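As the structure is a computational prediction, the values presented were derived from the model and not from experiment. Letters A, B, ... mirror the listed sequences (proteins, then strands); counts begin at 1.
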Amino acid sequence: MTLTVKEKKDVEIEISEAWCKGCVICVDYCPHDVLIMERGKAKVANLAACTACMLCELHCPDFAIVVRDKSKE
Amino acid sequence: MFNYDQYLRITKFPLIWCPGCGDGIVLKSLVRAIDKLGLEKDSVCMVSGIGCASRLTGYVDFNTLHTTHGRAMTFATGVKMAKPDLHVIVITGDGDATAIGGNHYIHAARRNIDLTVILFNNHIYGMTGGQVSPTTPKGMLASTAPYGSMDHTFNISGLAQAAGASFVARASVHNGVQLENYIAKAIQNKGFSLVEAMSPCPTAYGRRNRLGAGVDMIEDLKRDAVPYSKAKKMTPEELEGKVVTGIFINEEHPECRSEYQKIIDRFQKEK
Amino acid sequence: MSEKSNGKARVITGNEACAEGALAAGMRFFAGYPITPSSEIAEVLSAKLPKYGGVFLQMEDELGSIGAIIGASLTGTKTMTATSGPGFSLMQENLGYAVMTEVPCVIVNVMRGGPSTGLPTLPSQGDVMQARWGTHGDHQIIALAPFSVRETFDLTVRAFNLAEKYRTPVILLMDEIIGHVNEKVYLPSEDEINVFDRIRPTGSLEEYLPYEHTKSRVPAMADFGSGYRYHVTGLAHDETGFPTNKASEINKLMDRLDQKISMNREDIIDFDEYMMEDAEIAILSYGSTARSSRHAVRLARENGINVGLMRLRTIWPFADEEIKKISEKVKLWIVVEMNRGQIAHEVEWAVAGKIPVFKVNRIDGDPINPLQILEKIKELANVQL
């Protein structure tokens, strides 16, 4: 997945530690390695790389990750 | 960001399903489909049977009915026939719908009653600890198939098609958006609409068959998925182990309740 | 139910009277499956329901039939199914579901010879204990038993009123004789019948507790689609309707489900007494067998033996207190029923040995005839009186 030129995204990612079950699906889906696993929970490691493609939020089975694309709101 | 909360009974969270189970992804696609169609929450009635997937009805803010094992479609038929303006959605699993519920499944399809059936296919009885199901692939292990499942498996979508369903599709949790689109089409279809949702069970099925965690099983689904258009040109050997996704049937058939309404309109005294 | 009628005499069967009674009670959804000797109920309703704006549905089996009537009832519709022994056996799990989720509906069992395929065209009363304990787990149930075509109409209406009033399934125990016998009847017109409708909530969605531990023990029941989006489950649940494993909540639910019926036994239990004023021997009977018993009472009196009949119209909950009271006035009981003494055992339990309880039974498919009862009366009169 080559990174095309992308304009600066104003994105917020919120992860619920209580609901995340550490299934790694979000990390697996993220095309830009924004997320990592830490102590069995998902964690934002590289927010700048996020393009708000929503794949993580779409496929998190536990409603534990929310991606807010400020530029769209 | 999609606002799921407006459709959920948040106080019941977190979800009961195991880490990596795909059922939560189907729930998300279902909620987005309902939102896309702009359905009033009061007008949605969700009916589930017994099994992991069937616990879904406890988490959603609709008229919800958690029935007995295998019988969800009969309760749903009663709801729909008595109050046709309700959007009735059935939540069921491969065991719930095609083993104990098989007779009701084919008859609901034969009647072509306006129900949207979301059938979570995880190839196993998850809730009860991993027993073999009518869709456990041959040779795969289960708690009651310690030497490998021996029986031929049901083609769930084929069953509905043969019985008379007017909308039959299969999708998988590896593609939540496609699942959402098919569910929305299924709800819109005025007749028996089946969406078979492939959803992996890492705990009971994945672990026993060394298929890795949920995320690995979802990767496998991505790898094995074949669009219906392509699958039509493939040989049975080439399709071995593949998961054919797509809309198999999308036809207009007379719908049970609407046909019955014609009888009421003809005979009802001005009561 | 008074004997008033709209003046038009009709000659109909018990099965037809059951169908008419259901419509008069406001039943607008029937789901059933063919089975002798109850199929006529379905046949009549398949023709009549559309005229009332109602829905008839033949399902693929009895499991589907009771599943459908429970689903339909949740939309606020009065619903019914009708079957016989084999089908009634298949309905047990969902009957328990309707008890646990407190969904009003009426299940008619036109009893035939059992067990198994048994005697499909011949009468029996062999399912009365199944009506009480057929479904698994501790529970209460209401079951009524008519003994004539007119009373079948009346008790069908009563079954719906009790189902709606106590938010529970009610079983109507007919037998093949009652189902198929033709009798001249004067049926009351719609306005002569009082019909009870379930209590619906009036407060807000947030406040609504679908399984509230109310003083009456009968919580209000909202119709699906009416704005009270609530959850219905067969799992043990708390007052909000959601699953619970907390012992205290489970006890509260189980107590309420029991008290809902046991606290209201006076309203539910119903029987009549025939020549009991000076009776020394009391016959207890119900359903079609009670007709032979009445005749036997008259024959016995002609032979100078003071016999009376207590006829149960409500089988469950059982009239044990009332039987205890009568036991203080009579010398012995004879329980007459087309099974091997299923209700006789309940009478023995209630009487607790104070006076003897004898049985007259028949399970060969023939009805018990009055002379068979008279013979027993004479035999006991010489010995016991």
Side-chain angles (χ1 to χ4, degrees), chain A residues 1-2 6-73, chain B residues 1-33 52-53 56 59-60 120 122 171-181 197 199-203 206 212-223:
Chain A
M1 184 79 161
T2 55
K6 58 173 178 47
E7 76 293 345
K8 179 78 187 70
K9 271 288 175 185
D10 185 1
V11 177
E12 231 179 55
I13 299 178
E14 188 195 319
I15 292 174
S16 154
E17 289 245 333
W19 288 1
C20 170
K21 292 175 183 163
C23 72
V24 195
I25 288 175
C26 58
V27 174
D28 178 62
Y29 265 84
C30 179
H32 302 304
D33 304 323
V34 172
L35 302 166
I36 60 164
M37 295 305 292
E38 194 174 80
R39 288 195 310 282
K41 301 282 181 178
K43 189 163 179 293
V44 177
N46 179 7
L47 185 59
C50 174
T51 62
C53 73
M54 293 300 177
L55 282 175
C56 59
E57 185 185 298
L58 281 168
H59 297 93
C60 166
D62 288 288
F63 298 75
I65 187 164
V66 176
V67 177
R68 284 191 193 79
D69 181 350
K70 282 278 181 284
S71 58
K72 275 214 189 89
E73 270 144 33
Chain B
M1 164 187 158
F2 182 88
N3 173 8
Y4 293 101
D5 292 5
Q6 60 183 315
Y7 293 102
L8 301 176
R9 289 166 168 153
I10 287 294
T11 57
K12 301 302 167 196
F13 280 61
L15 298 170
I16 190 177
W17 298 313
C18 306
C21 164
D23 290 3
I25 303 171
V26 184
L27 168 56
K28 277 189 163 175
S29 301
L30 174 58
V31 165
R32 290 197 311 274
C52 296
L56 181 146
Y59 298 112
V60 292
F120 292 59
N122 60 2
S172 151
V173 292
H174 80 274
N175 185 340
V177 173
Q178 180 186 47
L179 189 49
E180 170 195 333
N181 294 336
S199 167
C201 167
T203 304
V215 60
D216 305 309
M217 297 174 79
I218 288 177
E219 281 301 325
D220 290 350
L221 280 168
K222 271 191 215 172
R223 179 198 66 214

Quiz prompt | Top of A/Cys60, A/Ala18, A/Gly22, A/Ser16 for chain B proximity - count of heavy-atom pairs under 4.5 angstrom | solution = A/Cys60
Exercise. For residues 39-65 of chain A, pull every pair meeting ring pair (Phe, Tyr, Trp, His ring centres under 6.0 Å), keeping only residues two or more places apart or in separate chains.
Key: A/Tyr29-A/His59, A/Phe63-B/Tyr4, A/Phe63-B/Phe13
Quiz prompt | Proximal component of A/Cys20, with respect to chain B [non-hydrogen, under 4.5 Å] | solution = neither
Quiz prompt | A/Val67 and B/Met1: CA distance, side-chain angles, deciding distance, side chain to side chain contact (heavy atoms under 4.5 Å, CB included) verdict | solution = CA-CA 5 Å; A/Val67 177; B/Met1 164 187 158; 5.8 Å; no
Quiz item: At what distance, to the nearest 0.5 angstrom, does CG of A/Leu58 lie from CZ of B/Arg32?
Solution: 4.5 Å
Quiz item: Out of A/Ile25, A/Asp28, A/Val24, which residue meets the side chain to side chain contact (heavy atoms under 4.5 Å, CB included) rule with B/Ile218?
Solution: A/Ile25
Practice problem: Measure distances from B/Ile16 to the heavy atoms of chain A and classify the residue's part below 4.5 Å as side chain, backbone, both or neither. | Solution: backbone
Self-check item: Structural part of B/Asp23 lying under 4.5 Å from a heavy atom of chain A
Solution: neither
Quiz item: Any idea which heavy atoms bring B/Pro19 and A/Cys23 closest together, and the distance?
Solution: C-CB, 4.1 Å
Exercise. Check whether any side-chain N or O of A/Lys21 sits under 3.5 Å from a backbone N or O of B/Cys21 as a donor-acceptor pair, and report yes or no.
Key: no
Quiz item: Rounded to the nearest 0.5 Å, what separation is found between the CZ atom of B/Phe2 and the CE atom of A/Met54?
Solution: 11.5 Å
Quiz item: Which one of B/Leu8, B/Val177, B/Asn175, B/Leu15 has the most heavy-atom pairs closer than 4.5 Å to chain A?
Solution: B/Leu15
